Number of protein chains: 2
Amino acid sequence: MNIGQAAKTTGLSAKSIRYYESQGLLQAQRQDNGYRHYDPASIKRLTLLARARRVGFSLDECAELLALLNDGQRQSKNVKRTVHDKIAQLDTQLENLTRMRNTLIELAERCNGDEQSQCAILNDLTEGERPMTFTLLDDSHNQLEQPNE
Amino acid sequence: MNIGQAAKTTGLSAKSIRYYESQGLLQAQRQDNGYRHYDPASIKRLTLLARARRVGFSLDECAELLALLNDGQRQSKNVKRTVHDKIAQLDTQLENLTRMRNTLIELAERCNGDEQSQCAILNDLTEGERPMTFTLLDDSHNQLEQPNE
DNA sequence: ATAAACCTTACCCCAAGGTTAAGGTCAACT
DNA sequence: AGTTGACCTTAACCTTGGGGTAAGGTTTAT
């Protein structure tokens, strides 16, 4: 199977697959013409990558999952712990985003939202000592993948 | 006020302040020795940047807020709409993260988590057709700022 | 023969800065 | 003076996870 078909099969882009290889997450066999070849075991690894990425695992964490997948001596408790660690990270992110959201709600509530220039939001964001709940930036950076595309 | 003091006052790093300037969000006056100088109005703008960033606004969105701050003809409803747009974005992120979290919970529940190599998580992540709820990657990329540091 | 559809590597681009590096300035100390 | 330390300057590379494009080789079908 060539890279295009592997991409179609897994839902990854060809570019992503090459990137994963460059980062050492996979080795790809080559055909005589230099094209990459993917056998069923490779497709399995790519599928793991695709699905793990979708639920929030970083490439480093995906490498860990791949190592467990390839390890005949693995213990499923180690896999489960990895998943629980990721859930804890998501919980932290969710808390931070919720705090940010609450702060914005509070700001908006105090603003008249009319034709006047006087604005409680801008006042709160520029004035005095801690006019708003202390909040944290989220660690988000990937583009949101919209379901309908 | 030099950049170091401005950083301390606003909670930004000096590097961030220079970066914001390089991105056209501020202009800084220069002293005879080439050092940047920040007057109270500049500190106000930096404060807006610091606080808006903390609640999730991108630099582009911060530029919008700064433009409103500097606009004597502004209408507070426009500020309020900007905040509501950001709240809606946070809601989308929260939904995606929650979906991801739910998927991970489901995966973990089906795994024995023992000393055996057999693992429902790895099976679900590598096998067959859509073995798990369809989820989305979050758009997160910034490092989480831990409250205690 | 040639066009379409693959594949290859290599390069630059994004956010939002962090992290050195290499050097200029300033205030205080000896 | 000289020197130390704390501050400032710009420049340039690093991060994540690829997207986009260039310039070219291969394969398949017409």
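Since the structure is predicted, the reported quantities are computational estimates derived from the model, not experimental observations.
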What integer distance in Å separates A/D60:CG from D/dT15:P? 11 Å

Quick one: list whatever passes side-chain hydrogen bond (donor to acceptor under 3.5 Å, both in side chains) with A/E61, sequence neighbours left out. A/S58, A/K86, A/Q89

Who are the side-chain contact (heavy atoms from CB on, under 4.5 Å) partners of A/K77, not counting sequence neighbours? A/Q75, B/E115

Which is more 5' along DNA chain C, the nucleotide nearest B/S58 or the one nearest A/Q5? Just name the residue. A/Q5

What residues, two or more places apart in sequence or in another chain, satisfy side-chain hydrogen bond (donor to acceptor under 3.5 Å, both in side chains) together with A/N33? none

Residues at least two apart in sequence or cross-chain that pass side-chain hydrogen bond (donor to acceptor under 3.5 Å, both in side chains) with B/T98, listed by chain then number, are none

In residues 31-50 of chain A, which ones come under 4.0 Å of DNA chain C, going by heavy atoms? A/G34, A/Y35, A/R36

To the nearest Å, give me how far apart CD (B/Q29) and C1' (D/dT9) are. 18 Å

Taking only residues two or more places apart in sequence, or in another chain, which ones meet A/D114 in a salt bridge (Lys or Arg N to Asp or Glu O under 4.0 Å)? none

Under 3.5 Å donor-acceptor pairs involving side-chain atoms of residues 38-46 of chain B, not counting sequence neighbours:
{"unit_1": "B/D39", "atom_1": "OD1", "unit_2": "B/A41", "atom_2": "N", "d": "3.3"}
{"unit_1": "B/D39", "atom_1": "OD1", "unit_2": "B/S42", "atom_2": "N", "d": "2.8"}
{"unit_1": "B/D39", "atom_1": "OD1", "unit_2": "B/S42", "atom_2": "OG", "d": "2.8"}

Please state whether the phosphate of C/dC7, meaning OP1 or OP2, lies under 4.0 angstrom from any side-chain nitrogen or oxygen of A/R30. no

Kindly indicate, with the supporting measurements, whether the criterion side-chain contact (heavy atoms from CB on, under 4.5 Å) is fulfilled by B/H84 and A/L104. CA-CA 8 Å; B/H84 276 143; A/L104 289 175; over 6 Å; no

Output the rounded distance in Å from CG (B/N2) to C1' (D/dT9). 12 Å

Rounded distance in Å - CZ (A/R54) to P (D/dG17): 16 Å

For A/D71, the side-chain hydrogen bond (donor to acceptor under 3.5 Å, both in side chains) test, sequence neighbours excluded, returns none

Short side-chain N/O contact from B/S13 to OP1 or OP2 of C/dG18, under 4.0 Å: yes

For B/E109, side-chain contact (heavy atoms from CB on, under 4.5 Å) partners two or more places apart: B/I105

Under 3.5 Å, which donor-acceptor pairs link side chains of residues 16-28 of chain B to any protein atom two or more places apart or in another chain?
{"unit_1": "B/S16", "atom_1": "OG", "unit_2": "B/S13", "atom_2": "OG", "d": "2.8"}
{"unit_1": "B/E21", "atom_1": "OE1", "unit_2": "B/R36", "atom_2": "NE", "d": "2.7"}
{"unit_1": "B/S22", "atom_1": "OG", "unit_2": "B/Y19", "atom_2": "O", "d": "2.7"}

From A/N123, A/D124, A/L125, residue fulfilling side chain to side chain contact (heavy atoms under 4.5 Å, CB included) relative to A/I121: A/L125

In this structure, how many angstroms lie between the P atom of D/dC7 and the CE atom of B/M1, rounded? 15 Å

Hey, what bend do you get for the helix from C/dA1-D/dT30 to C/dT30-D/dA1 if you fit axes on five pairs at each end, rounded to 10°? 30°

Using a heavy-atom distance cut-off of less than 4.0 Å, which residues of residues 15-22 of chain A contact DNA chain C? A/K15, A/R18

Between C/dG17 (P) and B/I3 (CD1): distance, integer Å: 13 Å

